[in-house]
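Notes follow the structure.
Order of listing sets the numbers, starting from 1, for every ligand and every atom in it. Position 1 is the first residue of the sequence, and the numbers go up from there.
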Amino acid sequence: MIKIDHSIAKFNKFLLKWYNKNKRNLPFREKKDPYSIWISEIMLQQTRVNAMLASYSKFIFRFPDIESLANADEEEVLRHWKGLGYYSRAINLLKGAKYISENHSNSFPKSLEEALKIPGVGQYTARAVLSISYDVPIAVLDGNVKRVLSRVLEFKENIDLNLSHKKLQEYADNFLNQEDPSNHNQAMMELGAMICLPNPTCAICPVQSFCKSFSNNTQLSIPLTGKEKKKIEIELIFRFFESEDKKVLLIKEKSRRFFKKVYSPPFQIQPKSNKNEFTGSLDSFLETIEIKNKQGGFKHSITNHSIKVYYAINKWDNKLENNIYGMERKWVKWEDLGEEFPSSLSKKILKFRSRLE
Ligand code: SF4
C-alpha cells in the first residue's frame with residue numbers, strides 16, 4: 001500500500017477551490033437530478049463532452065424523466081441516440097428505465113446495492129449518480145480519476161489490471177471528501193479532463209504541491225497502461241499447391257484472420273474457429289485434400305497469437321479450379337515467394353525447403 005504522506009484534507013480544499021472557480025458549465029450539472037446525471041454518464045462512456053451535448057439536450061427534451069423513457073418504444077429511443085454510436089447503451093438505458101419504473105416508482109434508487117441491480121448500471125455509473133445527485137459518500141473511479149490518483153501517488157503498476165483497479169478504488173475512497181462527495185467526485189474527474197490530461201499542464205495544476213509524479217518528474221510515464229492479453233496458441237498450416245510448371249498458388253482474402261492485405265498461400269488453422277478463414281468453398285476444399293509430409297514447425301507470433309507454422313505441398317489439378325473461383329489469386333515461382341508473399345515466414349519456408357532438396 002502506498003503511504004499517502006500529505007494532508008488529504010488540504011489536497012481536497014485546493015481541489016474544490018479550483019473546481020468551484022473553473023468548472024465547465026454543463027447542462028447536467030444545473031441541478032442534482034439523478035436521471036439527467038445517469039443519462040449523461042452513459043452518453044459520456046464512449047463520447048466526449050462536446051460531441052454529446054447536442055444529443056443530450058434532444059434526448060432530455062423528448063424523454064425528460066424516467067417515466068417518459070420507460071414508456072418509450074425502442075425504435076424511438078434509438079432514433080434519439082443517433083450520432084452517439086454504441087447503441088447497446090441506449091437499449092440498456094431503456095431497460096434500466098423500465099426496471100426503475102417497475103421496481104422503484106420512477107425514482108432512481110439511493111443505495112449502491114439497489115442501483116447495481118439496474119440493467120446496464122455498473123460500479124462507476126452507480127457511484128457517479130448516487131454521489132453526484134444524492135451526496136452518497138462513495139468515490140468514483142473513471143479513467144480521469146485513475147490518471148490523477150496514479151500521478152499524485154506515483155502509482156507504478158499497470159492501471160488496467162483488476163488488482164490495480166481495486167487498489168486505486170481504495171485510494172479514491174481514502175481521498176473522498178465525506179462532507180461534499182458530489183463536488184469532490186466531479187472535481188476529481190474535471191481535473192483529469194481539464195488539467196491532468198495524458199499530456200498534463202502541471203504549471204496550472206491546483207494540486208501540484210501534493211503530486212509525487214510532479215516532484216519526481218515522472219508524470220509523463222505514469223499511469224502505466226496495457227491490458228494483459230492472453231496468448232492464443234494455434235497451429236497454422238500453409239497449403240502449397242504446385243502446378244505442372246512448378247508454380248505455387250497464392251490468394252488474397254480480406255475476411256481471413258491473418259495476411260488480409262497480401263497474397264499468401266492458402267492456410268488452415270488448428271484449432272479451427274467457428275468462422276471460416278476464406279469465403280466460398282476454400283475452407284471445406286482444403287479439408288478434403290490430405291496433408292502429406294507436413295514440414296516446418298517454426299515458431300511465429302502475430303498480435304496475440306503464438307503460432308507454430310507448418311507447410312505441406314500438394315500437386316494442383318485443374319479440376320480443382322472451381323474451388324478458387326472468383327478469388328484474387330496468382331501463380332508464382334518458388335523463388336519469387338519471398339517477394340510475392342511479404343512475410344518473414346516465406347523466407348523461413350524457402351530456407352527450410354532448400355535444405356531438404
Ligand atoms: Fe497531474 Fe501534473 Fe497536477 Fe500532478 S501536477 S496531478 S501530474 S497535472
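Between F63 and F59, the ring center distance clears the sub-6.0 Å criterion.
Around atom 4 (Fe) of ligand 1, the protein N, O or S atoms closer than 2.8 Å are C211 SG, listed by chain and residue number.
By the 4.0 Å N-to-carboxylate-O rule, R62 lies close enough to E76 to be salt-bridged with it. With respect to E190 and R29, a salt bridge is recorded, a charged nitrogen being found less than 4.0 Å from a carboxylate O. A salt bridge between R127 and D142 is absent, with no side-chain N of the basic residue lying under 4.0 Å from a carboxylate O of the acidic one.
In terms of heavy-atom proximity, M188 sits nearest to F11 at SD-CE2, 4.1 Å.
Relative to the ring axis of F241, K315 does not place its NZ or CZ within 45° and under 6.0 Å from the centre.
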